[in-house]
Each structure stands twice: as structure tokens, then as C-alpha cells.
Amino acid sequence: MRVAVNGHDLDISDGTSLLALIEQHAGSARGSAVVVDGVVVPRRTWPDYAVRPGQHIELITAVPGG
Amino acid sequence: MRVAVNGHDLDISDGTSLLALIEQHAGSARGSAVVVDGVVVPRRTWPDYAVRPGQHIELITAVPGG
Amino acid sequence: MRVAVNGHDLDISDGTSLLALIEQHAGSARGSAVVVDGVVVPRRTWPDYAVRPGQHIELITAVPGG
Amino acid sequence: MRVAVNGHDLDISDGTSLLALIEQHAGSARGSAVVVDGVVVPRRTWPDYAVRPGQHIELITAVPGG
Amino acid sequence: MAEHIDAPFEIAGVRLTSRLIMGTGGAPSLQVIDEVLAGSGTALCTVAMRRVDPATQGSLLDVIDARGIRILPNTAGCRTAAEAVRTAQLAREALETDWVKLEVIADERTLLPDPVELLDAAQALVADGFTVLPYTNDDPVLARRLEQAGCAAVMPLGAPIGTGLGIGNPHNIELIVSDATVPVILDAGIGTASDAALAMELGCDGVLLASAVTRARRPALMATAMAAAVEAGRAARLAGRIPRRHHAHASSPIEGMPVL
Amino acid sequence: MAEHIDAPFEIAGVRLTSRLIMGTGGAPSLQVIDEVLAGSGTALCTVAMRRVDPATQGSLLDVIDARGIRILPNTAGCRTAAEAVRTAQLAREALETDWVKLEVIADERTLLPDPVELLDAAQALVADGFTVLPYTNDDPVLARRLEQAGCAAVMPLGAPIGTGLGIGNPHNIELIVSDATVPVILDAGIGTASDAALAMELGCDGVLLASAVTRARRPALMATAMAAAVEAGRAARLAGRIPRRHHAHASSPIEGMPVL
Amino acid sequence: MAEHIDAPFEIAGVRLTSRLIMGTGGAPSLQVIDEVLAGSGTALCTVAMRRVDPATQGSLLDVIDARGIRILPNTAGCRTAAEAVRTAQLAREALETDWVKLEVIADERTLLPDPVELLDAAQALVADGFTVLPYTNDDPVLARRLEQAGCAAVMPLGAPIGTGLGIGNPHNIELIVSDATVPVILDAGIGTASDAALAMELGCDGVLLASAVTRARRPALMATAMAAAVEAGRAARLAGRIPRRHHAHASSPIEGMPVL
Amino acid sequence: MAEHIDAPFEIAGVRLTSRLIMGTGGAPSLQVIDEVLAGSGTALCTVAMRRVDPATQGSLLDVIDARGIRILPNTAGCRTAAEAVRTAQLAREALETDWVKLEVIADERTLLPDPVELLDAAQALVADGFTVLPYTNDDPVLARRLEQAGCAAVMPLGAPIGTGLGIGNPHNIELIVSDATVPVILDAGIGTASDAALAMELGCDGVLLASAVTRARRPALMATAMAAAVEAGRAARLAGRIPRRHHAHASSPIEGMPVL
């Protein structure tokens, strides 16, 4: 199915969990946050949260700054 | 009758107009403004404005400053 | 005859006076001074001062500065 | 006999050595220098140097400063 | 800032014949105020609005009018937008002008402007048809917000009122000038003539001061000093100063030294 | 510094109608020199002594004379007392003046004066009947020694020649002024008008500058700026500036606020 | 500022073992960040929140955690209160901390804070339970408003971010310190060690910097310099500096000179 | 200045373990001197030479020796080269060292060095085998002359002795450093830690101070502050500070902002 991750369209397998998506992109879930269609998704729900087609997902993490 | 002018109680004769009150205090009406019971009284109405007992009157003028 | 003027060898006609030399180089004698073989030559003596062969002559004048 | 030490007249017993004079004034000879009648007296000669009447003696030492 | 030495100085379309704006506070007498206004050559001066005091001798307005100087009432002493707006309305009624020097201070100790109340007051007064000249701090962002709110000029401080500390942060004044499309008037903090000249060299369009002149030992003489300094600073700005160099640069020729 | 605004400015008993002394170096043409001299209103200007160059167009002296300006020859480029004395003697012969701006520099990189050679040269020139105006550093002790040597003025630098860095050490200039009984002329380092005003506020009797004007983008305009700045700074000095305060001081009355 | 040299440094009741707070931006590599964190001895460092970039090598958080340093996420790049609040909430979710360095800038050119948006964001975040450390300008009034809004510290700038211009207006920093009852952290503008020492001498409780260290020629060495400077400045503040005197004051005895 | 952080600090071939040189004047007691020497970590301290005072309690030399600190006698109070030379000779006899801090002051009010007498004294003492460390003004030319005369270091002032005004003219100190091939020690004028750090950032090899520590409210604490400041300033110099920029430069990434 297709979703938008950080502004880029992406094909992912059906039933992918948010946790899997994050680990795939960020290496680990540590230090990351997720916004799906404008809503912050609490960390504890990531394992069971199944990504649905067409969702806009923002994956955010800590980078050097300030 | 008694009125309050700039915070001081004052006896003035009945029927005193605002214009008279101002000229008596400020010498002239030029450069002055008046607030009666919290309302700014337009300059053009001063001659016909009869002060009433118990009114709180603020007479304001320009002084050196700034 | 040959003389050195401000570091350049120069042929001038015998009997040339300092005054003539100065006027020829500086246009006028005003604002100029002359050193011949290391000695300052007073202005009043320039008309009668006959330049001699081999002399080293410095012609100095005022220029923009300071 | 009388000598002048640092500007003050002083009675000292005959035959007093410079070393004795210094130790008496400065506590110890360490860090001190002596000028007698305008001449610096080398440290090694102090033990045998007998002060003579009327000499002007400057005893100098290190003090807090700079 | 206008790039011609003889470019007129205008605020809200009104041409002023001097870039020095005078405050009238701090002088010992009306006589001194008169001398100071004369010496400064100013075309605009501020007044405060206060309760009528029957004991007052002489008329400030007569002194100002006699010299043909435009009046700029201020809202000195106001601590909230509401007070400032009300005071501006009284001044308009009293002096028949819609110009106002907007001051909204946060406390009596620093007399520094309160940025939030100041911006609120500016917006309200502009909406009410006033020509607003706000006394502000030296924050380039607040200056921009005030201009966006429709103020006719921005008047950043050099230092707190009456301190005479000069221009504490020239870099901020430069930033304000580089951004502004309305006149920038350096207001408050000026202590002496070189401070006023520097303000103009930084690109300000004018200078507003009071204490530096009215509280000087010889006020009238200081007024002439400030007038000359504003002219000097403006001319220097337009003339294009030489760059600062780390090493010396001879002003007499190196060549042509005589051999003596 | 004389405590009357209209006290005449005199060096060695000669009254000068301007406290701004102009150097003539650094200008692109005689035409610009003429405009600068006119704009500055100066009564005294410096020239350097160099070998006659037949290629030179026009006469510097004619330009200066036409404006009735007194000439002050300098010894720019000299590195020893002997060179400076010899150059001064040539200038006296050439220009029929015994005034000299004495420069004895230590190197071409800093153009800073050599204190020992400078003092030697000053003593020799005074003994030879010259009116000596020495260009010196900002050391109050050297300035005093030069005055004791009989110099007619002392001319400390604000910063190295041509740098435009302004007055690097105002404290030293104040010390020199507080000691001196001859005129103190701030010489070198001025970059813009506020620097010149500051020099006068510190108590200097005059300012000497060249590059700040001749190398400005618009020299004639900068000359007028400097003239105004010197006047402004002098007036401010005499007017007695307000003290610097750490805390604000209101210039509008605290009392009499209306209750609105 | 605490008047004991060994008084602990606390923000919101959390004790920090160093008064130097490090930004992690501007370094060429994680390796340099690690060296800088080590050299600075910091106990608190900032990070920014950005989209995950799969290309990133190594883990910033691992580096920070390995040194036992607390994380302070910032809202760098946010232009409105709404953006800043949202970013702070994401940071809380990502990093499991309710501390935030609040930045709300007005534009990319000056990176100066927007006073109105900043105050709004501070109020909203305090209400939402955050421990707010706002990056603010040097306006004493805005600093007071931020403290009144419940911020855990105020972090005024010395100069705009990354300029290295030092502390442009020390007088304002002194005013902020004299008023504040929460820690004052000098944030932004530091260029070199003496700037950091000065910040502490003015009474700041700590210093936050990034570019001055991460962009120095030798970052790790500059980190140690800053650590020493913060210590030096704090000790000097507590030791009570000598007054500035206009005239000299001998440090060797005047009396007892020998007659030689 | 040596370009390695661990490059040894040497004067006349003698390695010193600290770049902070302490004066011992101005302290209320020997006890405070001892605490100050300990806190500063200094390896070299100055003393003055005066007439023996039988009333004196305790031995300064014992205090200094107990800490293994080298002694640097000064010629404080001398007004002529002859007095200074004589005083140096006495110090050599008394303290068995040929090192001397050469001071030849012009007057008691400014305590500024007399350039001519100072240079004469330096030449005489070098000829007599002394290791001469002259206290000089901030004139780069005089500093060069002193080095040419064979001095082992040059010690320019930041400001007059005991004023605590800091470094009045950093540009001159930079010029001295850029020229010198012997150590440059900033001597006199330091008021607080940031001044000492700045001296090192300008490229000085060391700092000499007394009053700033001995007359501070808490001398021992200020001594530690100065020691840290000298280290900080030196490290910052060697680390290569960031350039001063007119405009801001972000320290957090511009890219990768999430869309929220």
C-alpha cells in the first residue's frame, strides 16, 4: 500500500505497524515521535498501530542543534 | 453646589458652565481637555454644558514633558 | 655641462643660474627649496648662483600631504 | 658611637659589625642590602665590616609591592 | 534614510525643517524652555498631559506657538494600553492634533517600554486615526511589528530615559534602520553631541532628546550643540565614511623623499 | 580648553578662525582639495615636502593661498630626528614659515611616532626658532615632555594614521588635556563626524584630519560634516553634559496624572 | 545569583553540575560533538527536532547518554507560538522530558525572538506542564514577563545567534539579573572565553553556547576554554571586583624609599 | 605566543609553571598574601625594595620561599634611570637574583612610565647583566625599542596601575604581540577575570596583576578566578575563535522541519 512518510510517497507491505515503520527509518524507536495525519501518536501504541493506506506520516527525531 | 475637580471637593455657583470652570482653573480653555464622570466632553459643548452637583471633573492640560 | 638633479643626470648650458634651473623644473620659484651637494642654498642667492658641473642638486617643493 | 641608620641617628657600641647591625634591625640578614655612605657593601664582607662613627647607613629589604 | 543631504524630513507626509525633535521636560523654567527651543531650531516638540495646576505661571503653549513649533503630545507615565489610548484621546481633544508620542512603560525604575502593551496601544490608536510615533526599545523585531501596525515612525531608545548613556547597542539600531520604511528616530539615552551624531551616522532620520539639553549646565548652548551634531552626523552618513582599517595608511606620499 | 564658546583659538599667539585643521593628502585632485578646504572652513592646512615633479599639474600653493589659508608644512616620512630637522629647515626656506607639523615615525606599517627621536627633534627645532606642532602618540607623559620642550601645541593620535578607528583610548586624551597648558589637537585616527565631536568633548582644542575627508565617498560633504562636528563637540564640552546614570530619570512629571 | 562559590546550580529544582550549557549544532561530526561535550564538562545540552533522515550515521542520543548529560530539546526554526508548542509536545513524546528551550524567531536573517509569540508560547507551555527555558532578547521587561508567566529560567541573548559579537548591551543584562528570581542564562552571541567570563561577572547563573565552540578551529580546546571561563567569571563575581578608578593607585608602598 | 596549549612558558630560558605573575602589594596581611599566592598558582611574584622597618611582623620572603615561588624585585617608585639602576643593584645584592621588573614612572598621579628614562635604564641594566622585564605603556614602538635593547620580556599596561579599567586599547596590545619575539606580559589595569582572559586572547604570553586580587573583597577567591581566566584566555586564543559576523548564523538545521 502507499503512504506518505516525511513528504515522500512510499510503498509498504500491508499491516506494517508504526513501530516497524519507525525502526525501519530511524534504526530504533528511541528519541523519535510520530504524527499521523496531524495527530501525535503516543509511543506505547506504536506496536499495535497498523498503518493504513494514504496516511500522511511524519517521523521526527532529535538532531544536533541549538 | 459641590463638585470634585481633579480630586478636590469644590463649591461652585449653580449653573456654572464647563467653559467657565475651565477658564477659572486653567486661565484659558486653550490646550485643555475635560473628563466628566469618566466621559470626555467635546470642546464645542463646553459653553452650554452646565456642571451638576456631585460630578467628578478632571481638567487636563499640556505641561512640559518628554 | 652635466649635473644631477633629484637623482637624475642632466645636461644644462654653462652658467645656468639656480633660479633658472628651478623655474625650468618647478614652473616658478615659489614654494621651493634647493640643496646643493648637501647644503641648503638661501633663496635670495639663487639669481646669482651659477650651477657648476657635477653638482648634486635637490629641488624640493610643497605637495599635498598630512 | 653615633651613626645614621635609615635617616635616624643611633647610638651603637664600638666595633659593631654590619652583620650585627642588620640582624638587630631586620631580624635576619636574608633579603637585605646595605649602602654605607652611598656605596653598596657586598654581603660577604658584612661579618668583618666594622661600622665607624658618623657613617650614613641605609638598610634595605624586600617588602610587599608591585 | 533619504540619500540627499537636502532631502526633506517628513513624518506622515508633514515636512519638518529640523531633524532634532525636542522634549520640553526637565527645564527649570519656561524661559529656559524658550531658549532651548530657539537654540535647537526644532520644528516639533513634545508635551505631557497632566491635571491643570492653577499655580502654574505662564503658558507653555504660548511659548511653543510663538516659535511656530508643532506640538507632539506624549503618553508619558501610562502603564497600560488602555491608559495610553485614553491619554492620547484627551491630548487630541486638548491640542487639536492627532499626532501622539506613544509611551507605555513597564515600571518607574527603568521607564522601559512594555512591548506587549505598546503594540496593543499602537494598533488601537492607528485604528482610531492617530498618527502614532511609538517610543520603543531597541528590538528590531518589535520595531518591525510597530511599523506593520501602521505607526508613522519608530523611535527606538539608545539607553533608558535620562541616563545619558548614549547608544548602548548600535548594532540593533543599524538593524532597525536597515529594515524600516518609516522614519527611525533615536529617542532617549542621548547624553552629549557625539551621541546624537552617531545616531545619525547609524542611519537614523532624526533624534529626540530632552534631558541631555534641559538638564545640561548651559541648556541653550547644549541645544545648539545638538542641532549641529545632528547635521554633522547626517552629512557624515551621506558622505560615506572611510572604512575602518587594522593597519595605518599614509596620507603623505611615500615617494619623492629628498636625499638630504 | 578655553571656557568661552567664543574664546579665540590661538596657536603660538596666532589666532585661527577654525578649530579644524586639514591635511591635504589623499585627495584625487587639486579640485577636490579646493572643495574640501572650502567645505571645512579651515584656517590652517598641512603640506608635505617632496622632490619637484615637473609632471605636476597646477599649483597646490595657489589653491591654498586663494582661500587665505595658513600653511603648515609637515615632516611626514622622516624616521630620525636629523631627517626631520633638515626637512623642517627646507620647508622654512621654501614656504617662509617657521611653523612645522613634526612627524618622526618608527616604521611604515604603523606610522606611529618614535618617542625618543620625536622628543630630540622637538628640542632641536625649538632651539632653532621653529614653532613646533608635534604629532605624538596618546602617552600623557610624552605629551608633557613635548610641552616642556617648548612645543606650541601637542597633537596626540586617536588611532594610527588613516585607520579611521576613532579615539582608541579616550582616557589618555583626557589625561593629556587635564595636564596641558598648550593647545591639544587630536591628530590622526578620526573616521567620521562623531569621532571629531568626541575629541572636542574630551577637551581637545582642535582636530586635525585628512583621510577621513579626502578619502570619503563625498569629500566636500564630509568636510562640512567635520566642521559641524567640531563646533558641536566644543559647544557640548562647554555646555556641561549631564552625568551618566545607571538608572532612568523621567523627563515628564510623575505627579498630576489624571484619573481616567 | 547564589552568593556561595559552591552553591549548587539548579533549574526547576534539578541540580546541574556545570553552569555551561552546550548546544550541539554546528559541529562537523558526532565525533566532534562527543569531544566538545567531554571538554565542556556540561550537564545539559540542546538538540533540535527534525524529520528522520535514514542517511544519518550514528546516534546523537547514544553520544549524549554515554556521557550522562541531560537533554534539552529546542524549538529552533519555529516562527509562531503554535508551531513552538507543537514542536515541544513532539519533543516530550520523543525524548520523554518536559524541559524545552523555547525559541520563537521572527525571521531567518536576524534569528531574533518574536516577543509577542514567545510570551504566548511560554504561557501555553507552562499551562501544559512544561519546564520552559525561553531564548529571549535582552529586554529586561520581556524577561520579567517571561518569569511572571512561570518560566523556569530566562535566557537573554548577548548578540544574535552565531555572530560571536559577545554581549552587546551589558547594562541590559545587569538589569535582567537584578530583577530575576529564576536563573538567568546568557544565550547566544558568545564568541570567545572572555565573553563567557563577562556574562558571569554581570551576574548570570550560566551560559549557553554552541557555535563559539563547535565552529572554532579546535572545538575541543575551545570547550575547555569556555568551561574555565565560566568558572573564572563566576568566581570573580563572588570575589567582588575592585572599583574602576579614574586615577592610578600604587600597589607598592610610597614610603620607605631608600636615599641612594 | 607559543601555538601549543602545553608549550612551556619561559622567560630568559627559565620555565615557569604558571602564566599568571602576581604582585604582592595591596594585601592587608602576610596571611592574605600567602592565600593569594596559593590560590593563583603563580610561579613568579614581585616585591618592592624599601628601608628596613623594625616594626614589621613576619617575613615576606619566608612566605614566598615556602611556596617555592621565584622572586621578581621591582623598582617601583623610581623616577629616573639612575634611581632605577641603583635600586636594581640593591635588589640583586639583597635577593641574589639578576631579574628585575623595571619601573620608571613619570609622576605619582598617573604612575605612567617615562619612556625616555625607561629605555635608558633598560639599556644600562642589560649592559650590567640583568634580566630586565620592563613595565611599559602600550606604545608598540617603545615596546620594540625595549626588546631591541635586550629586555627579556615586554610588559605593556592595559590601563594605569590600580585603576581596574581593563585593557584600554586592545589594538595596541595586538600590535605589540604581532611584533614581539620575547614574551609579552599584560601588566597593570586588570580589574576582573574577563580582562585577564582578554589579554591572553589578544596573544599575550602572560598576565601580571596585584590590586585586582589583593584589593578584591575576597582575595583568595579572586586569585583562583584569575588563574582560571588566564588558562581560559590562552586556550581560547589557541583554539581559534569564530569570526565576528554582522548577521546571524543558525546553529540548528534549517532543513527537515516537520510539517505539523
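Below, chain A is the first sequence line, B the second, and so on; all start at residue 1.
The heavy-atom pair separating C/Gly31 from F/Leu61 by the smallest distance is CA-CD1, 3.4 Å. Between F/Ala210 and C/Gly66, the shortest heavy-atom distance links the atoms CB-O, 3.1 Å.
Counting only heavy atoms from C-beta outward, the side chains of F/Val47 and C/Pro64 never approach each other to under 4.5 Å. C/Asn6 has its side chain within reach of F/Val52: a pair of non-hydrogen atoms, C-beta onward, lies under 4.5 Å apart. Within the 4.5 Å cutoff, no side-chain heavy atoms of C/Val63 are placed close to those of F/Met49.
A 6.0 Å sphere centred on CZ of C/Arg44 holds no more than 12 heavy atoms belonging to other residues, nucleotides or ligands. Other residues, nucleotides and ligands place no more than 12 heavy atoms under 6.0 Å from the CZ atom of C/Arg52.
At least one donor-acceptor pair closer than 3.5 Å links the side chain of F/Thr46 to the backbone N or O of C/Gly65.
At a 4.5 Å heavy-atom cutoff, the contact between F/Glu96 and chain C is made by side-chain atoms alone. Contacts of C/Val5 with chain F are absent, with no heavy-atom separation under 4.5 Å from either backbone or side chain. Contacts of F/Leu90 with chain C are made by both backbone and side-chain atoms, with heavy-atom separations under 4.5 Å.
In terms of heavy-atom pairs under 4.5 angstrom with chain C, the leader among F/Glu93, F/Arg50, F/Arg51 is F/Arg51. Counting heavy-atom pairs closer than 4.5 Å to chain F, the top-ranked of the candidates C/Thr61, C/Val35, C/Val41 is C/Thr61. Note on F/Arg86, F/Met22, F/Arg92: by heavy-atom pairs under 4.5 Å with chain C, the leading option is F/Arg86. For the set C/Ala29, C/Pro42, C/Ser28, the count of heavy-atom pairs under 4.5 angstrom toward chain F peaks at C/Pro42.
Atoms CG and CZ, from F/Leu95 and C/Arg30 in turn, are 8.5 Å apart once rounded to the nearest 0.5 Å.
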